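Data block below; observations after.
The structure displayed is predicted, hence computed values, not measured ones.
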Amino acid sequence: MNLIFAELIQNTEGRYLHPDELKSLHDYVEGIPKRVRIYQVLQAKESELLDRVIEKFQPMLPNLTRRHGALAWERCRRDLSMVWRYCCMAMLLNDEDYLRDKLLYWLETILKSFKMRDECKPAYKLMLDYLPYVFGAEESEMIRPYLILAKTMLVS
């Protein structure tokens, strides 16, 4: 649940909402249909985005399978897919904290422990670069902040 929305509910127990609180609630609820529509587009085109990213990313790391094993590219795609899906859910919920708490803190630790932050950096840049080629302006605009957050926490 959106942190602002959750705090609103918690802070108003036993009393009526003030007009500005009602407006926040109304704005959040009114935005749900748009976020659902965009979420569905992002979901439908995940493979197209990841195919482009992996195709461009593989030549940048020719030694990845030698260094990390035969399944390295499968794991890379799995991890990018996981980040994408959590970004999409965070966009749907309109909640960056969801993304941080449910995935990024954990994955950041993993990437640091395996010393893979530098290796992964181009993949997240490519994801951001390919947004306008796979998605429309509205979808790109809605998901971009979540991808930037992921990139910043994971590889910057």
Side-chain angles (χ1 to χ4, degrees), residues 1-57 73-114 116-156:
M1 177 183 297
N2 178 290
L3 184 62
I4 294 169
F5 186 59
E7 286 178 359
L8 177 68
I9 291 169
Q10 184 177 2
N11 292 336
T12 58
E13 281 190 35
R15 68 170 175 85
Y16 291 107
L17 297 172
H18 299 298
D20 59 322
E21 294 167 331
L22 278 171
K23 181 172 179 356
S24 293
L25 177 62
H26 179 16
D27 291 347
Y28 179 79
V29 170
E30 201 169 66
I32 290 173
K34 176 183 176 181
R35 290 193 305 273
V36 167
R37 182 179 44 78
I38 289 173
Y39 178 87
Q40 291 170 324
V41 172
L42 297 173
Q43 176 186 15
K45 293 187 174 186
E46 173 189 340
S47 276
E48 182 181 346
L49 176 67
L50 293 182
D51 288 347
R52 288 180 183 224
V53 169
I54 295 293
E55 179 182 333
K56 201 70 157 175
F57 188 39
W73 284 109
E74 287 178 42
R75 286 187 204 117
C76 177
R77 185 181 181 96
R78 177 204 62 204
D79 291 352
L80 290 174
S81 177
M82 183 172 48
V83 169
W84 178 255
R85 290 171 184 190
Y86 275 85
C87 284
C88 290
M89 182 58 74
M91 182 281 306
L92 178 63
L93 299 172
N94 195 22
D95 189 356
E96 288 184 353
D97 289 326
Y98 171 87
L99 179 59
R100 273 189 213 92
D101 296 342
K102 297 290 185 184
L103 178 70
L104 297 180
Y105 290 130
W106 170 79
L107 190 54
E108 177 186 35
T109 303
I110 300 297
L111 292 176
K112 280 181 183 177
S113 68
F114 284 99
M116 294 192 65
R117 291 181 78 176
D118 289 339
E119 287 179 340
C120 294
K121 192 172 194 169
Y124 292 99
K125 182 183 181 322
L126 287 167
M127 285 179 85
L128 285 161
D129 291 348
Y130 278 121
L131 285 179
Y133 298 101
V134 177
F135 303 100
E138 186 177 41
E139 293 90 2
S140 297
E141 179 183 317
M142 291 291 286
I143 196 67
R144 182 174 301 283
Y146 301 96
L147 276 177
I148 289 171
L149 174 60
K151 180 180 179 279
T152 300
M153 284 188 67
L154 298 176
V155 297
S156 293

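- The minimum heavy-atom distance linking C87 with A150 is given by the pair SG-CB, 4.2 Å.
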* salt bridge (Lys or Arg N to Asp or Glu O under 4.0 Å) evaluation trace for R75 with D79 -> CA-CA 6 Å; R75 286 187 204 117; D79 291 352; over 6 Å; no
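- Ionic pairing of E48 and R52 is present here: one or more N-O contacts between side-chain nitrogen and carboxylate oxygen are shorter than 4.0 angstrom.
- Checking side-chain atoms of T152 against main-chain N and O of I148 turns up a donor-acceptor pair under 3.5 Å.
- You'll find the side chain of M127 stays beyond 4.5 Å of the side chain of K151, heavy atoms only.
- Between the CG atom of L50 and the CZ atom of R77 there is a distance of 5.0 Å, given to the nearest 0.5 Å.
- The two residues L93 and Y28 come nearest to each other via the heavy atoms O-OH, 3.3 Å.
- Note: L92 CG to M89 CE = 5.5 Å, rounded to the nearest 0.5 Å.
- The distance from atom OH of Y98 to atom CG of L104, rounded to the nearest 0.5 Å, is 11.0 Å.
- Judged by distance alone, with hydrogens and angles left aside, the side-chain atoms of T12 form no donor-acceptor pair with the main-chain N or O of L17 at under 3.5 Å.
- Shortest non-hydrogen contact noted between F57 and C120 is CZ-CA, 4.2 Å.
- In this structure, the separation between CZ on R85 and CG on L80 is 11.5 Å, given to the nearest 0.5 Å.
- Note: E108 CD to M153 CE = 4.5 Å, rounded to the nearest 0.5 Å.
- The two atoms that bring K112 and R117 nearest to each other are CE-NH1, 3.0 Å, heavy atoms only.
- A salt bridge between D95 and R100 is absent, with no side-chain N of the basic residue lying under 4.0 Å from a carboxylate O of the acidic one.
- K45 contributes atom NZ, which lies 7.0 Å from atom CD of E139 (distance to the nearest 0.5 angstrom).
- Dense packing is recorded around CG of D20, with more than 12 heavy atoms of other residues, nucleotides or ligands lying under 6.0 Å away.
- Side-chain contact between C88 and Q43 is absent, with no heavy-atom pair separated by less than 4.5 Å.
- Minimum interatomic distance between L103 and V83 (heavy atoms only, all atoms of both residues): CD2-CA, 3.7 Å.
- Among Y39, W84, Y130, the single residue meeting the ring pair (Phe, Tyr, Trp, His ring centres under 6.0 Å) criterion with F135 is W84.
- In terms of heavy-atom proximity, D101 sits nearest to Y105 at OD1-CE1, 3.4 Å.
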